[in-house]
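A short worksheet on the structure shown next.
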Amino acid sequence: MRGSEVVVITHTDLDGLAAAALILKCVGNVDRFYFAQPHQLYAVLNKVPNSSQVFIADIGVNEPTLPKVIKQLERIISSGGTVKWFDHHVWDNEWIAKIKEVGVELYVDTSTCAAGVVAKYLGLKGEDVEALVKATCSIDLWRFDHWLGNFLARYAGYKGGYEWKRYVVMRLSSFSGELDAEIKEVVEKAVSRELKIFSKALKKAILAKAGGVKLVAYFKGDEEHLTSYIANILLSRFQADIAVIIRYGSVSFRSRTYNVRELAKALGGGGHPQAAGAPLKPPFYIRLLTLLGIRRFHINWCIKRISEVIKSYS
């Protein structure tokens, strides 16, 4: 049954946008899009009108906020709405049980990316859908095994902000499986900008050790929508075990050898063994300094907190 509004809540990267595009392709019309991080999910759900038809994609559970998420899901469903949730991150069985108890139609499948989960469980087929899913999984699962992935990831991340993400979702919902002139032009501009960002990251990265684990940390600006690319370069250049990409209020982890999902979970987040993230907010005075452009205290505080967790597992 269709509710009063169709609402899509999804992650901010290519996988989230591709998943949203496939949902749009399936349902034909979406009244509201929200692009959010997992720790923001309960706040976003709070904005969803009663009796809405809600689709959530590429967003896992952050255990500390789970009760608040459940409260909002209960409100939506008890008012006559529906919720379908598609994810590919690692979930604890307890989380799955709690979400399903509320009446959510939940699909968790770690064998593919979120776009793949949406396509699989909404029954979307065709060469265009297959191309979008393969390209997206190539980047999101760190496989780098489909040539389109690097193009679409750069296209999706070229700009921040709601309007660009919504525009990309609309474009990807009718993606043919081939590159058009607009995507090529945007990617050319993106690559030129990337070289400057990579150079900056290599210069400003900070190295640290925790319990025998080598960390490389970098504070990523809002305009640098290149988390996995930056992390990959830092891991290779500094031969680190974990790349820590810090943002204002959260961190992302990437690793080739260390299970960063467990690290993120201990900090109230989640994700995959090789790619995960968590909310991480320093004290107010440090955040204030960060807003003033002084980032070293923020970086050092995050490294210290992360190191404490790693040492507790050593």
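Under the 4.5 Å side-chain contact rule for hydrophobic residues, Leu288 and Leu280 do not share a cluster. Grouping the Ile, Leu, Val, Met, Phe, Trp and Tyr side chains by contacts below 4.5 angstrom, directly or via other members, places Val83 apart from Phe55. Hydrophobic clustering (ILVMFWY, side-chain heavy atoms < 4.5 Å, transitive): Leu41 and Tyr107 are in distinct clusters. Clustering ILVMFWY residues whenever any of their side-chain heavy atoms sit less than 4.5 angstrom apart, transitively, puts Phe86 in a cluster other than the one holding Ile9. Cluster annotation: Val118 is connected to Leu148 through the hydrophobic network of ILVMFWY side chains, with a link wherever side-chain heavy atoms come within less than 4.5 Å.
When all heavy atoms of Gly268 and Pro64 are compared, the closest pair comes out as O-CD, 3.5 Å. The nearest pair of heavy atoms linking His89 to Gly271 is CD2-CA, 3.5 Å. Between Gly270 and Ala276, the closest heavy-atom pair is O-CB, 3.3 Å. Residue Val309 comes nearest to Ala266 through the heavy atom pair CG1-CB, 3.6 Å, listed as atom of the first residue, atom of the second, then distance. What you find for Arg256 and Ser236 is that their closest heavy atoms are NH2-OG, 2.9 Å. Summarising the geometry of Leu215 relative to Ser307, their closest heavy-atom pair is CD1-OG, 4.0 Å, with the distance given to 0.1 Å.
Going from atom CG of Asp31 over to atom CD of Gln53 covers 9.5 Å, rounded to the nearest 0.5 Å. Distance check, rounded to the nearest 0.5 Å: CD of Glu262 to CD1 of Ile310 gives 13.0 Å. The distance from the OH atom of Tyr218 to the CG atom of Leu234 is 8.5 Å, given to the nearest 0.5 Å. Note that NZ of Lys200 and CD of Glu194 are 14.0 Å apart. Values are rounded to the nearest 0.5 Å. Once rounded to the nearest 0.5 Å, the distance linking CZ of Arg287 with OH of Tyr248 reads 5.0 Å.
Summarising the local packing, CZ of Phe284 is surrounded by 12 or fewer heavy atoms from other residues, nucleotides or ligands at distances under 6.0 Å. Within 6.0 Å of atom CD in Glu127, 12 or fewer heavy atoms from other residues, nucleotides or ligands are found, so the atom counts as exposed in its surroundings. Within a 6.0 Å radius of CZ in Arg237, other residues, nucleotides and ligands contribute 12 heavy atoms or fewer. Within 6.0 Å of CG on Asp180 lie more than 12 heavy atoms contributed by other residues, nucleotides or ligands.
Side chain of Asp109 to main chain of Val117: no donor-acceptor pair is present (N/O by atom type, distance under 3.5 Å, no hydrogens or angles). Distance alone, capped at 3.5 Å, places no donor-acceptor pair between the Asp128 side chain and the Gly177 backbone. The closest donor-acceptor contact from the side chain of Asp15 to the backbone of Ala115 lies under 3.5 Å. Ser79 places a side-chain N or O within donor-acceptor distance of the main-chain N or O of Arg75, the cut-off being under 3.5 Å. Side-chain atoms of Ser255 do not come within 3.5 Å of backbone N or O of Gln274 as any donor-acceptor pair. A donor-acceptor contact shorter than 3.5 Å links the side chain of Arg261 to the backbone of Val90. Using a distance-only test at 3.5 Å, with no hydrogens or angles considered, no donor-acceptor pair links the side chain of Lys134 to the main chain of Asp145. Distance alone, capped at 3.5 Å, places no donor-acceptor pair between the Asp92 side chain and the Trp95 backbone. A donor-acceptor contact shorter than 3.5 Å links the side chain of Ser173 to the backbone of Met170. When atom types are taken as modelled, the side chain of Ser52 and the backbone of Pro49 share a donor-acceptor pair closer than 3.5 angstrom.
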Working for salt bridge (charged side-chain N to carboxylate O under 4.0 Å, His left out), residues Glu130 and Lys125: CA-CA 7 Å; Glu130 184 179 357; Lys125 300 183 184 300; over 6 Å; no
Derivation of the side chain to side chain donor-acceptor pair (under 3.5 Å) call for Arg254 and Asn232: CA-CA 8 Å; Arg254 298 291 186 272; Asn232 196 37; over 6 Å; no
Check against ring pair (Phe, Tyr, Trp, His ring centres under 6.0 Å), Trp85 and Tyr121: CA-CA 10 Å; Trp85 195 334; Tyr121 294 98; over 10 Å; no
Stepwise side chain to side chain donor-acceptor pair (under 3.5 Å) check, Tyr34 with Gln40: CA-CA 10 Å; Tyr34 292 101; Gln40 300 168 326; over 6 Å; no
Step-by-step side chain to side chain donor-acceptor pair (under 3.5 Å) determination, Tyr158 to Arg193: CA-CA 9 Å; Tyr158 181 62; Arg193 187 179 64 182; 5.4 Å; no
Evaluation steps, ring pair (Phe, Tyr, Trp, His ring centres under 6.0 Å), between Phe35 and His11: CA-CA 5 Å; Phe35 306 105; His11 198 211; over 10 Å; no
Audit row: Thr10, Ile56, side-chain contact (heavy atoms from CB on, under 4.5 Å) steps and yes/no: CA-CA 6 Å; Thr10 189; Ile56 303 171; over 6 Å; no
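In this structure, Ile230 and Ile245 have side chains that are in contact, with non-hydrogen atoms separated by less than 4.5 Å. Residues Ile206 and Val216 have side chains not in contact (no heavy-atom distance under 4.5 Å, counting atoms from C-beta outward). When side chains are defined from C-beta on, Val191 counts as touching Val187, because their heavy atoms get closer than 4.5 Å. Here the side chains of His88 and Leu141 are in contact, with some heavy-atom distance below 4.5 Å. Side-chain atoms of Val69 and Val61, non-hydrogen and from C-beta on, never get closer than 4.5 Å to each other. Put simply, the side chain of Ile77 does not reach to within 4.5 Å of the side chain of Thr82, judged on heavy atoms. For the pair Ile99 and Leu73, the minimum side-chain heavy-atom distance is below 4.5 Å. The closest side-chain heavy-atom distance from Phe238 to Leu202 is below 4.5 Å.
Cation-pi contact between Arg154 and Tyr229: present, with separation from the ring centre below 6.0 Å and deviation from the ring axis of at most 45°.
Using modelled atom types and a 3.5 Å distance limit, the side chains of Thr12 and Gln37 yield a donor-acceptor pair. If you check the side chains of Ser4 and Ser51, you find a donor sitting under 3.5 Å from an acceptor.
A side-chain contact (heavy atoms from CB on, under 4.5 Å) with Asn46 is found for one member of Lys68, Gln72, Lys71 and no other, namely Gln72.
Looking at Lys189 and Glu185, a side-chain N of the basic residue comes within less than 4.0 Å of a carboxylate O on the acidic one, giving a salt bridge. Ion pairing between a basic and an acidic side chain is recognised when a charged N comes within 4.0 Å of a carboxylate O; Glu308 and Arg305 show such pairing. The existence of a salt bridge linking Glu5 and Arg32 is confirmed by a sub-4.0 Å separation between a basic side-chain nitrogen and an acidic carboxylate oxygen.
In this pair, Trp147 and Phe151 present their aromatic rings perpendicular. The plane angle is above 60°, beyond the 30 to 60° band.
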